[in-house]
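Heads up: numbering here begins at 1 and tracks the sequence.
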Amino acid sequence: MYKSIETLLVEIPTIRPHKMAVATMQTQTLVLVKVTTEDGFIGWGEATTIGGLGYGEESPESVKTNIETYFTPLLKSLKNLNIAQTLQIIKRNINGNRFAKCAIQTALFDIQAQRLNLPLSELLGGRLRDSVPVLWVLASGNTEKDIAEAQKMVEIKRHNIFKLKIGSRPVHEDVEHVLAIKQALGADVSIRVDVNRAWSELDAIKGIQALQDGGIDLIEQPCAIENIDAMERLTHRFDIAIMADESLMGPDSAYRLAKKNAASVFAVKIAQSGGLIEGCEVGTVAKLAGIDLYGGTMLEGPVGTIASAHVFSTFHNLAYGTELFGPLLLTEEILKTPLQYQNFELVLPTTSGLGIELDLDKIDRLRRQ
């Protein structure tokens, strides 16, 4: 059934340094997975990570090696199975590797949706919206540059919600930086912060109080991944929304967080969740627990971004919008027709599968040899 499974590492510089607590990115390595069937269908998936191993347990190199060594022989051995049966066998035979599993699953869904001549979202329960709000992350680390960048985005109607990457400097410096930007942009512009798990609980108490008083709307992953007890205490202590991100590694962790009321918002990432289905399951846990949703990103290129949009379009509640700006951070376009960003939102394609067409010549020129 599966003729070939290829993993391509595509190197693309970013439009500016992207500074986070865990890494500073100047180039993104897109991890693209191409699955070709014996009857000629081609499906695409993406397993892009952030900062090599600086963010999580998988790297571009490990994804490529593991897909070539373990996933490919397994998939080629399977005959006449549906997606559910195929994924069950993958899960039974391969531990961990959530990003790689997500890329493979995305490609299989892309193929199946093309076979049925349906947008991929219709295989996930059906879209409830044809576009999703998209914020922009201000991560230069320079207050004046960030203000100018945000003002330009508002002016051209591309983004009116902004997230600031903090956590690499002392708490008081980060707070001053954030509140100066909030004051410059005014009450009508939503500002959130992502600490990328950099604060101790005591630092978080100091920082969150000051940010809440200054009109900031949301605090993302203030504490370490495993410190769910601190997340619970902070969620109970403050009125400001506390969002779980790195602590969310799929439906099981979503259930544990919801059970402890350790977040008021979930940042759903399809790669972190381990696949499109698992991302939807995280959304269901949140819905049942009364937790708001936000569509997260691993700063993927257009493949992972539009796959995420298909998932997020099915969510009943997307109260905090999405972060699907990854392709806009890259200096090169790898689609024949770029994704459509307009009026502060990303428009979902209505054509079959993922609804995108990749520029193979451009990818070949940019891929790591």
SB check R368 E61 (cutoff 4.0 Å) | yes
Donor-acceptor pair, side chain of E323 and main chain of V134, under 3.5 angstrom = no
Output yes when a side-chain donor or acceptor of T14 lies under 3.5 Å from a complementary backbone atom of Q26, and no otherwise.
-> yes
With sequence neighbours left out, which residue pairs that include part of residues 200-212 fulfil the salt bridge (Lys or Arg N to Asp or Glu O under 4.0 Å) condition?
-> E201-R233
Give a yes or no on whether F41 atom CZ has more than 12 heavy-atom contacts from other residues, nucleotides or ligands under 6.0 Å away.
-> yes
Connected-component partners of M249 among ILVMFWY, side-chain separation under 4.5 Å = I225
Is it true that K145 and E149 make a salt bridge, defined as a side-chain N closer than 4.0 Å to a carboxylate O?
-> no
Can you sort out the partners of E226 under salt bridge (charged side-chain N to carboxylate O under 4.0 Å, His left out), two or more places apart, ordered by chain and number?
-> none
Counting only heavy atoms not in Y70, do more than 12 sit closer than 6.0 Å to its OH atom?
-> no
Within 6.0 Å of CG in N93, more than 12 heavy atoms from elsewhere = yes
Considering all heavy atoms, the nearest V137-K165 contact | CG1-CG, 3.6 Å
For T65 and E68, does a side-chain donor sit closer than 3.5 Å to a side-chain acceptor?
-> no
Nearest atoms (heavy-atom pairs only) where A100 meets V63 | CB-CG1, 4.1 Å
Counting only heavy atoms not in R237, do more than 12 fall under 6.0 Å of its CZ?
-> no
Look at the side chain of Q88 and the backbone N and O of T86, then say whether any donor-acceptor pair between them is shorter than 3.5 Å.
-> no
Are W136 and F325 near enough that their ring centres are under 6.0 Å apart?
-> yes
When you check the side-chain N and O atoms of T106 and E46, is any donor under 3.5 Å from an acceptor?
-> no
Under 6.0 Å from the NZ atom of K362, do we count more than 12 heavy atoms belonging to anything else shown?
-> yes
Return the minimal non-hydrogen interatomic distance between L354 and H310, and the atom names on each side.
-> O-NE2, 3.0 Å
D174 side-chain N/O to G167 backbone N/O, donor-acceptor pair under 3.5 Å = yes
If you measure only the distance, is there a donor-acceptor pair under 3.5 Å linking the side chains of D39 and T37?
-> yes
Above 12 or not: heavy atoms from other molecules or residues under 6.0 Å from CD of E6?
-> yes
Tell me yes or no: between the side chains of Q114 and Q112, is some donor less than 3.5 Å from an acceptor?
-> no
Is it true that E220 and K163 have a side-chain N and a carboxylate O under 4.0 angstrom from each other?
-> yes
State, yes or no, whether a side-chain contact exists between D245 and K269 at a heavy-atom distance under 4.5 Å.
-> yes
Side-chain donor/acceptor of S62 to backbone N/O of S59, under 3.5 Å = yes
Any link between V311 and L288 through a network of hydrophobic side chains (Ile, Leu, Val, Met, Phe, Trp, Tyr) touching at under 4.5 Å?
-> no
Is it the case that one hydrophobic cluster holds both L124 and L116, taking links as side-chain heavy atoms less than 4.5 Å apart, direct or via other members?
-> yes
Using a 4.5 Å cut-off on heavy atoms from C-beta on, say whether the side chain of S131 contacts that of L346.
-> no
E57, CD: over 12 other non-hydrogen atoms inside 6.0 angstrom | no
